[in-house]
K.L.:
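Following this message is one structure expressed as structure tokens.
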Amino acid sequence: MTAYFLRDTTVLTGRTLRHVTRSVDTVITTVITPVAMMLMFVYVFGGAIDTGSVAYVNYMLPGILLITVASGVSYTAYRLFTDMKSGIFERFQSMPIARSGVLWAHVVTSLVANVISLVIVLGVALLMGFRTGAGLPGWLAVTGILLLFTLALTWIAVIPGLSAASVEGAGAFAYPLIFLPFISSAFVPTETMPGPVRWFAEHQPVTSIVDTIRDLFAQRPVGDDIWTALLWCAGILVVAYVFAMAAYRRKIA
């Protein structure tokens, strides 16, 4: 059963990846928003924000990477919604293939597409002056956290992709995810925020993830932040997966 699932998922992932390569504009659109934000914050607002001895592009890059993922998963919901409305799911269900293979193909495609977007954004950041002394273990840790975060958000995207009533609704879920980093330590130190806002910023998922990635890039001890970040990502992933699979079973029942 596992062999059939892996084979079918691989074949179906190839199909969804071909759709991505035929519409390169989706990848370009995904990176335009975070790159534009990075340019604006570094060259317009960066001089007014005190981050101590840390270059502002280094300070804010982790938040931009999370925004890149949030922007990218909106297209996962869009592609899934389009497949649902086109009837392709029903056609695949009539074939002797793993029933969940179609869904997992969209998830794997999301991971691949978001990795490409993250690499592009990192490349732009390097051109803007981003530097890190992180070695291979640090880069591997950052990659693992970003992949886990992408997987968690992808399963959140699956839910509106399966249940939205319109294509606009399928993609609109990503807007709160894109703006959540603005109420965190992603762009300004939380110490500068008023009481209730500061409390929210310090206890929401983005702050622990951003602080962990920032410390890894800067080769500083990550402390408990890394465990908080991993717990947030894993918890969101599990809850989103359960609700997504429940929505999928209702659709194919």
Side-chain angles (χ1 to χ4, degrees), residues 1-2 4-20 23 26-27 29-30 66-115 117 145-181 204-206 209 230-253:
M1 182 68 179
T2 303
Y4 287 120
F5 169 77
L6 292 175
R7 182 201 64 190
D8 295 341
T9 301
T10 301
V11 172
L12 292 167
T13 299
R15 166 188 169 269
T16 51
L17 281 173
R18 283 192 295 272
H19 287 179
V20 173
S23 57
T26 60
V27 177
T29 305
T30 298
L66 300 195
I67 288 175
T68 303
V69 174
S71 179
V73 296
S74 65
Y75 285 97
T76 300
Y78 168 78
R79 287 190 294 266
L80 188 54
F81 177 85
T82 302
D83 269 3
M84 290 295 298
K85 292 302 179 182
S86 69
I88 194 70
F89 268 63
E90 287 77 5
R91 277 179 276 171
F92 282 139
Q93 295 303 323
S94 66
M95 300 168 64
I97 61 175
R99 301 186 76 183
S100 59
V102 186
L103 193 58
W104 273 101
H106 282 278
V107 173
V108 175
T109 298
S110 175
L111 286 173
V112 174
N114 276 289
V115 165
S117 298
I145 292 170
L146 288 174
L147 287 176
L148 185 59
F149 181 75
T150 302
L151 192 59
L153 261 61
T154 296
W155 280 106
I156 292 178
V158 167
I159 300 171
L162 291 171
S163 56
S166 66
V167 66
E168 291 81 10
F173 87 98
Y175 295 147
L177 301 179
I178 291 172
F179 286 105
L180 194 59
Q204 59 122 319
V206 169
I209 299 171
L230 291 174
L231 283 172
W232 270 115
C233 290
I236 293 170
L237 172 59
V238 170
V239 172
Y241 176 80
V242 169
F243 279 95
M245 292 307 294
Y248 184 58
R249 284 191 290 269
R250 286 196 301 270
K251 283 291 182 180
I252 66 174

K.L.:
Would you please name every residue forming a side-chain hydrogen bond (donor to acceptor under 3.5 Å, both in side chains) with S74, sequence neighbours left out?
P.N.:
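By the side-chain hydrogen bond (donor to acceptor under 3.5 Å, both in side chains) rule, S74 matches no residue at all.
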K.L.:
What's the spacing between L147 CG and C233 SG if we round to 0.5 Å?
P.N.:
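Spacing of CG (L147) from SG (C233) equals 10.5 Å.
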K.L.:
Please set out all donor-acceptor pairs under 3.5 angstrom arising from side-chain atoms of residues 153-161, sequence neighbours excluded.
P.N.:
from	atom 1	to	atom 2	distance (Å)
T154	OG1	S110	OG	2.8
T154	OG1	T150	O	2.7

K.L.:
Once you round to the nearest 0.5 Å, how far does CG of L162 lie from CZ of F243?
P.N.:
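The CZ atom of F243 is 14.0 Å from CG of L162, to the nearest 0.5 Å.
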K.L.:
Could I get the full list of side-chain contact (heavy atoms from CB on, under 4.5 Å) partners for L146, not counting sequence neighbours?
P.N.:
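If we apply the side-chain contact (heavy atoms from CB on, under 4.5 Å) test to L146, skipping adjacent residues, the hits are L65, L66, L118, V142, I213.
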K.L.:
Below 4.5 Å, heavy atoms only, C-beta onward: do L111 and L151 meet side chain to side chain?
P.N.:
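Yes, side chains in contact.
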K.L.:
For a 4.5 angstrom cut-off between non-hydrogen side-chain atoms, does V107 reach W104?
P.N.:
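Result yes, sub-4.5 Å side-chain heavy-atom pair found.
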K.L.:
Identify, with sequence neighbours excluded, every residue that meets side-chain contact (heavy atoms from CB on, under 4.5 Å) alongside A246.
P.N.:
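Scan of A246 (side-chain contact (heavy atoms from CB on, under 4.5 Å), adjacent residues dropped) gives R249, R250.
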K.L.:
Of all residues at least two apart in sequence or in a different chain, which pass the ring-ring contact (aromatic ring centres under 6.0 Å, His included) check with Y175?
P.N.:
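Y175 satisfies ring-ring contact (aromatic ring centres under 6.0 Å, His included) with no residue once adjacent residues are dropped.
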K.L.:
If you look at every heavy atom in L180 and Q204, which pair is closest and at what distance?
P.N.:
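Shortest heavy-atom contact: O-NE2, 3.1 Å.
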